[in-house]
J.: 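There's a structure below that I have some questions on.
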There are 2 protein chains.
Amino acid sequence: MGAEAERTDQVAEEWAGVAPDAAQRLVGAAVEAFAERGYHATTTRDIAGRAGMSPAALYIHYKTKEELLYRISVTGHERALKIMSAAAEAEGTAADRLCRAVRAFASWHAERHTTARIIQYELKALGEEHYAEIADLRRRTDRLLREIIQDGTDAGEFSVRDVPGTTLAVLSLCVDVARWFTADGKRTPDQVGELYADLVLGMVGARRP
Amino acid sequence: MGAEAERTDQVAEEWAGVAPDAAQRLVGAAVEAFAERGYHATTTRDIAGRAGMSPAALYIHYKTKEELLYRISVTGHERALKIMSAAAEAEGTAADRLCRAVRAFASWHAERHTTARIIQYELKALGEEHYAEIADLRRRTDRLLREIIQDGTDAGEFSVRDVPGTTLAVLSLCVDVARWFTADGKRTPDQVGELYADLVLGMVGARRP
DNA sequence: GCCACGACTGAGCAAGCGCTTAGCATGCGC
DNA sequence: GCGCATGCTAAGCGCTTGCTCAGTCGTGGC
């Protein structure tokens, strides 16, 4: 199986919950097209074509092209938030939780770099109300990470001068994986997660031995 | 003077070398428009309008809309490379040079976040030949940073397990400043540079006291 | 005074955009 | 067998896009 088909399979799996089948194929096609060319450079004809349908079919399942972006954005942000909250609520020291959080968050941005690229770099293309909803999900993700870093700092595990600034930097580092990661690069998503967890522990002054 | 006019002034200053005046106003207008809405969402009418000219005037000074992006991209990448090479060639320990490099590189991405946003996030909109030229400038920037980190690791100043991976992460961290930085935020570009230099020294296991 | 020339505009072209509409198959309840 | 909802397509509408071109304006050389 070639890299192309593999990715298509992965995209399909990611949207397995969407029904009916045509709607699922459309959202999968949109993810691929948006990630490849950007939202504004993607045409509704392109999306429909990739899904094997006529341009008009798109509008039976989605009101506008922006709604497709919004659905992708909500699903992606919810998944990212879930990953972060799973790590935040885990047992263990702050260093354990930070390590888990960064490893999972960074490797998700590598593994699902197509979806991640869209949700991180096409925010401005969302409508105003949709943007506000997404911004709330983003704030919640940020707060979870900040709390871990604050906990570690309070407990003396970390040595961090600027907790909000460091939180911002760690999030930014993980998010930007979606920009540079490619499936044919020399690192697997897991390796990226490992590397990043190690680097971030260094950033907060709690490098593991 | 309002924030709007201030930014316009800064943009004008950045492109002060471009002649004639109309070409300079056009490239400044393009920087603002591309950074605000993205390349594909910006129309040539918008650029010309911001420069106080008719749509046709653009084509006297630039062959296509893509040429404007290319000029912005070359200038921006050359400036970023110059910043990196100044730090790389400086006197001092590897930690000194890394600190300088990150401080200058990150704060440039904050200070000139409009230009930086374009050159970092609109690469795919470049034509093939133009892209190849830009990719070369990027590789040179990467190499300079990697050499600093390699030097520090060889000298025992740093403790880095994966030099190319860490280089990628540091560059990614600095570059992504352009995505989240806004002039009305609570951090100045210099403060971002200071914070990031400190965090990166931690990443390489050489945190200053 | 007049011409040549570069800078610029108003009008507009061909192509492509997001999206709509009318109509056609298919499959279900009865 | 029939009516009808559903999922889809072919055609195309109104508009915007990047870009062009004929012509106007202001200016410097002679």
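All chains are named by letter (A, B, ...) in the order of the sequence lines, taking the proteins before the strands, and each is independently numbered beginning at 1. The basis for the numbers below is simple: all heavy atoms, side chains too, and nothing from hydrogens, waters or symmetry mates. The structure displayed is predicted, hence computed values, not measured ones.
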J.: Rounded to the nearest 0.5 Å, how far apart are OG1 of Thr75(B) and OH of Tyr70(B)?
T.: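 Separation between the atoms: 9.0 Å.
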
J.: Compare the minimum distances between each of dT21(C), dG10(C), dG12(C) and the side chain of Arg45(B), then state the nucleotide with the smallest one.
T.: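 Of the candidates, dG12(C) comes closest.
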
J.: Determine the contact category for Thr43(B): base if any of its heavy atoms lies under 4.0 Å from a base atom, sugar-phosphate if only primed atoms, P, OP1 or OP2 are that close, otherwise nothing.
T.: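 Sugar-phosphate contact only.
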
J.: Looking at side-chain heavy atoms only, is the closest gap between His40(B) and Tyr39(A) below 4.5 Å?
T.: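 They are not in side-chain contact.
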
J.: Name the first nucleotide and the last nucleotide along DNA chain D (5' to 3') that come under 4.0 Å of a heavy atom in chain B.
T.: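 Using the under 4.0 Å cut-off, the span is dT17(D) to dC21(D).
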
J.: Sequence neighbours left out, what passes side chain to side chain donor-acceptor pair (under 3.5 Å) with Ser107(B)? Give chain and number order.
T.: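 Residues passing side chain to side chain donor-acceptor pair (under 3.5 Å) with Ser107(B): none at all.
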
J.: What are the two closest heavy atoms between Ala51(A) and Arg25(A), and how far apart are they?
T.: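 Looks like O-NH2, 2.9 Å.
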
J.: Given atom CD1 of Ile60(A) and atom P of dC19(C), what is their separation to the nearest angstrom?
T.: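 Taking CD1 of Ile60(A) and P of dC19(C), I get 14 Å after rounding.
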
J.: CG of Leu58(A) versus P of dT21(C): gap in Å, rounded?
T.: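 Taking atom P of dT21(C) as the reference, CG of Leu58(A) is at 16 Å.
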
J.: Quick check on side-chain hydrogen bond (donor to acceptor under 3.5 Å, both in side chains): which of Arg139(B), Arg146(B), Arg140(B) does Asp142(B) satisfy it with?
T.: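 Exactly one option meets the side-chain hydrogen bond (donor to acceptor under 3.5 Å, both in side chains) with Asp142(B), and it is Arg146(B).
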
J.: Which word best sums up how the rings of Trp180(A) and Tyr196(A) line up, parallel for under 30°, tilted for 30 to 60°, or perpendicular for over 60°?
T.: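 Rings of Trp180(A) and Tyr196(A): tilted, 30 to 60°.
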
